[in-house]
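Numbered from 1 within each chain, the chains take letters A, B, ... in sequence-line order.
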Amino acid sequence: MTIHPRPEISLLNKAILRQAAADSFNKLAPQRVMRNPVMFVVEVGALLTTLLWLRDLVAPAAGAEPLWFTGQVTLWLWFTVLFANFAEAVAEGRGKAQAASLKKMRREIPARKLVNGGEVQVPASSLRQGDTVVVEAGDYIPGDGDVIEGIASVDESAVTGESAPVIREAGGDRSAVTGGTKVLSDRIVVRITADPGDSFLDKMIALVEGAVRHKTKNEIALHILLVGLTIVFLVACVTLVPVAAYSRITLSTTVIAALLVCLIPTTIGGLLSAIGIAGMDRLIRKNVLAMSGRAVEAAGDVDSLLLDKTGTITLGNRLASELLPAAGVTLGELAMAAGVASVADETPEGRSIVAFVTKNFGLTEPSLHLEGAHFIPFSAHTRLSGCDLEGLSIRKGAVDAICQQVQSLGGEVPADLEEVVHRIGDAGGTPLAVSQGSRFLGVIHLKDVIKADIRERFVRFRAMGIKTVMVTGDNPRTAATIAREAGVDDFLAEATPERKMRLIMEEQAQGKIVAMTGDGTNDAPALAQADVGLAMNTGTQAAKEAGNMIDLDSDPTKLLEVVEVGKQLLMTRGALTTFSIANDVAKYFAILPAMFVMVYPEIAPINLMGLTSPRSAILSAVIFNALIIVLLIPLALKGVRYRPLGAAALLRRLVLVYGLGGLVAPFVGIKAIDLLLQALT
Amino acid sequence: MTVSGWLHIVIYGLVVLAVTKPLGIYLYRVFEDPKRPGPRVFRSLEALSYRLGGVNPEKEQTWPEYALALLLFSLAGVAATYALLRLQYCLPFNPQKLNPMPPDLAFNTAASFVTNTNWQAYGGEVTLSYFSQMAALAWQNFVSAAAGLAVALVLARGLTRRPVAPAGEGKATVGNFWVDMLRALMYLFLPVCLAVALFLVSQGVIQTLSPYLEITTLEGGAQTLPLGPVASQEAIKIFGINGGGFFNANSAHPFENPTPLTNLLQMALIFAIPAALTYTYGRLAGDQRQGWVIFGAMAFMFLVGAAVTYWAEARGNPALAGLPVNQLPGNLEGKEIRFGVAASSLFAAITTAASCGAVNAMHDSFTPLGGLMLLLNIQLGEVIFGGVGAGLYGMLIFVLLAVFIAGLMVGRTPEYLGKKIEGREIKLAMLYLLVFPLIILGLSAWAAAAPYALAALNNAGPHGLSEILYACSSAGGNNGSAFAGLNANTPWWNISLGIAMLFGRFWMMIPVLGIAGSMAARKTAPPSLGTFPTNGLLFMVLLVGVVLIVGALTFLPVLSLGPLLEEFLARQGRLF
């Protein structure tokens, strides 16, 4: 399936920027800033200096700082808060723009509700869980639900961005439909599964709007760190006043406020919430809906990845490539039985068997449809399918399951079976046995085709330190061959939903974070158990409910991108925190000499940057501190680029860029601003 | 600066390095090995003590239980020490008939010795009876060191233990306070101190209960020569990183520190336990490199500090630079000629880096930059080897912070030794971190603004500020050494510094125990390529960076008004 990213909403989208600029002022309200203690301290500082400026405007106190200086500092302190608000507003704005287009879909749709066999026209908003409705070509589906009757092509582009229509049919794993999507052909009956306000579309709107954003664990911990540092610097700045007074230096409130704001981690404090919002937004643009920020963070932490072989590692369709009849069975007999057992089987394997026997054995498809045949669908438990015909049961399925079936009916299993099965398994194929009553007829060789780019993806996972586990119903030999060819680290063969669940729990018991993808109803428990459960949008409602993320493109390999987004989110926070703290060194060297040099000119040598005047030095530091927030907004929104390098190499790189860079950048920046200020005056 | 001076530092470093592993293994065996080392009689005595004390050594405590035991034990220690000091006039072994200590000084001294600070606002020989020295102070020297060691062990256990089944928060056990205390005293402090005391006596350190001698000097003047049971107290003063001298002159006194050999031994013993604990920690973590990284970060910061101090002292006084003064021997003011500049600078760097407080020179007389390094050593949080246990647990808090800040950069929830670091640990770590600036800066600011505090100063200007800063840092950091130049025996200083010492000890220990408790309960994930490596050079660099930036930036403004300004003014020939 191709990935159709949502239309990129540019950073410089004028409408968003205009709205964000207005929002930054609305967000100045103290009760809103209070949620971010770092910025709240800045706002209090700005208020203080504003009052000072007003006082000096009316009646200048003796020894007060000049009006222009207090005014400038005040202005830039306010800008610091505004820039932080602006960052958050821009991040939110992108989500809001997307939400607006989704909201258009939530208009009133008439629904044709089935009541006692008859149709009644009701508004969609009156539908409740359990109601059934009829939808025909040209109608919008009035609510989330499962198709319980019929098959139809549905245009889901409004939700997924994918323009090609998809097939939705009763039963199986393609039964879920989403409210607001449009039926293009045929007629289906849908059982509604969500009450109004609780639908997929509603959740999606809330998600992209950021209305349901809760702080994640890491975010909370980081917040505590930032608040702690703020208090430490608050203590350092406030106590400096009497200590300076002892040294016969009078520090004005303006200067102390400037020093404090420069030292507290405003860069990361101002960008923290924007980073979080942008992370969710980035996922949404990759067409993945995360039900919580926690899930995104957990994605970054993933240690083990459980991937279904079929559809993820191999192409969905295993192709029948060879028929191996048992002793005493003719090739034609086996071909006929295989065809009859498969003709009503809509799985790709079934279809490929029918295609294989019709092509190579002169059979036609209608000739396989026998009168009175009763189709037995495949079940994960029996691992068999086939048909019953006049007391004759033709079965195909997993070799051991067929052997059991044959033996339970008193039949015998050919002696060379094991050898045949091994040969197929070693070739990476899957053996499928065919039986008729108690007779073992032979084996079909199903060939697995590994996806073209999957090997490279696993190399990337390995470089990230993530273990990949292939989950397959195949026997261990086949699984081993495919695992080797695809390059996965481990595999779970002969998997049942229970074994899959057990594997997840075992990994988790070792302290590992487990991710998996799934679409079927029998995946639901495992999806719920896994730390990151990525459900496919084409999957069943149960699977979508159980997972904590939904991929609208239904591409299982998307997990890689989800992991990268999760990592990026944490990396961006870490990088900006490191940068913010490292910045303090330079700011000290700008402001400290400026504070003391008037009384003690001897201290001039620690004015490393050679800033022109004390006031210009302080102002330059404050301006740098405010501007750096704006400059880093793009980085906060886009995220630090992730490279699958392994933690040690990644860390070296980022420490160099953001740690060392954070030490050096402000020296350059503050000096440049100082020169500019000099040139302007 | 001389070659032999630098060689002194190098040899000292090698001695410490040589002690680290064997003592580290010994400590591990004492506390974590069911077959403890040493003669069998130790184990019988240990078992007997448990029976007498009604302690079940198999039953471990949760962190709140452990903290409660520690606090009650320490509170009892403060009360008992206070009572003994107040009542010394009616207690035995008081040949000089010394009076009771005044209440404020007794409180200060009790707080000081219970917190392993050993700040001394008194002169030992004119204030304390032999009984007070032995029963009140030496006793606290032993148990306060053991308590610090116990807390470090608890944190190390919390970080390294792998819970079989995840226990609820606060349910995981972290050890038994009484067991840890008893083993520390019985297997470590008592035997080592006994041996060290005997060696010191062989070198000329006195050990007697006789009254002070009245002697006639060569010039014919009369002099009182104070005596006392010095060797027994000297050993634990150094090995327990307490630092409280028997005499006011501390390790500069020939009866405490008579020979170059005792000087080297004292310096080596100060770092012995904190260095060894890093090895013990590596063993607990199951990865020796985890321990060496911490050792490396400590050693690096120490060597830089020691080198700068030596350079500053050997360079001489900047104020005299232009004058016809021979500064070749360096700044000798306030230093014992028998030790010289190198051994004095090294001793000063060691005693401030480890929160010891024993001194063999007058720190007040160090050059501004030399004094700056000493102050910085304390203000970095006493994590450069640091106190017994306190150095390791302090550094581990910085480790957690470094892992948290930088760990996010590898794109995973930060984890240390496989355990995730969450909001609770950060909250407690920040609480720990907050104590330092709050006490040191808060108290310094108060003192700088209060005439009654300033009245105690001997020097004005930036040097006076350094004296205030040093006193507050020494108390808050539980160091105990004095810049001197400040008459600290006034009610205000005694009470405020006493409170500072108590906060600097227990406000820091409780968050540490809390972190140990929650980390002990946390699941351990096996390391992968994607986990943040904490056992390599890069992490060591990061750790040093975090200690310097988070630890030092707080103090840069006041330091620039104190020693830094003094240096610049001295260059212009101005003295204070």
Can you say whether [X] sits under 4.5 Å from chain B via the side chain, the backbone, both, or neither, judging by heavy atoms?
X	answer
Leu592(A)	side chain
Ala463(A)	backbone
Val302(A)	backbone
Ala575(A)	both
Leu650(A)	side chain
Arg653(A)	neither
Ile466(A)	neither

Which answer fits [X], side chain, backbone, both or neither, if we ask what part of it has an atom under 4.5 Å from a heavy atom of chain A?
X	answer
Leu441(B)	both
Leu538(B)	side chain
Leu401(B)	side chain
Thr524(B)	backbone
Leu564(B)	side chain
Thr413(B)	both
Met430(B)	side chain

Among the options [options], pick out the one with the most heavy-atom pairs lying under 4.5 Å from chain B.
options	answer
Ala299(A), Ala604(A), Pro242(A)	Pro242(A)
Ala582(A), Gly228(A), Ala647(A)	Ala647(A)
Val243(A), Ile231(A), Thr216(A)	Val243(A)

Where do Ile581(A) and Leu553(B) land on the side chain to side chain contact (heavy atoms under 4.5 Å, CB included) test, with the steps shown first?
CA-CA 10 Å; Ile581(A) 295 173; Leu553(B) 280 193; 5.7 Å; no

Would Leu222(A) and Phe404(B) count as a side chain to side chain contact (heavy atoms under 4.5 Å, CB included) if you check the C-alpha gap in whole Å, the side-chain angles of each, and the deciding distance to 0.1 Å?
CA-CA 8 Å; Leu222(A) 186 54; Phe404(B) 184 77; 3.8 Å; yes

Determine the minimum heavy-atom distance between Leu465(B) and Ser247(A), stating which atoms define it.
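Looking at all heavy atoms of both residues, the closest pair is CD2-OG, 4.2 Å.
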
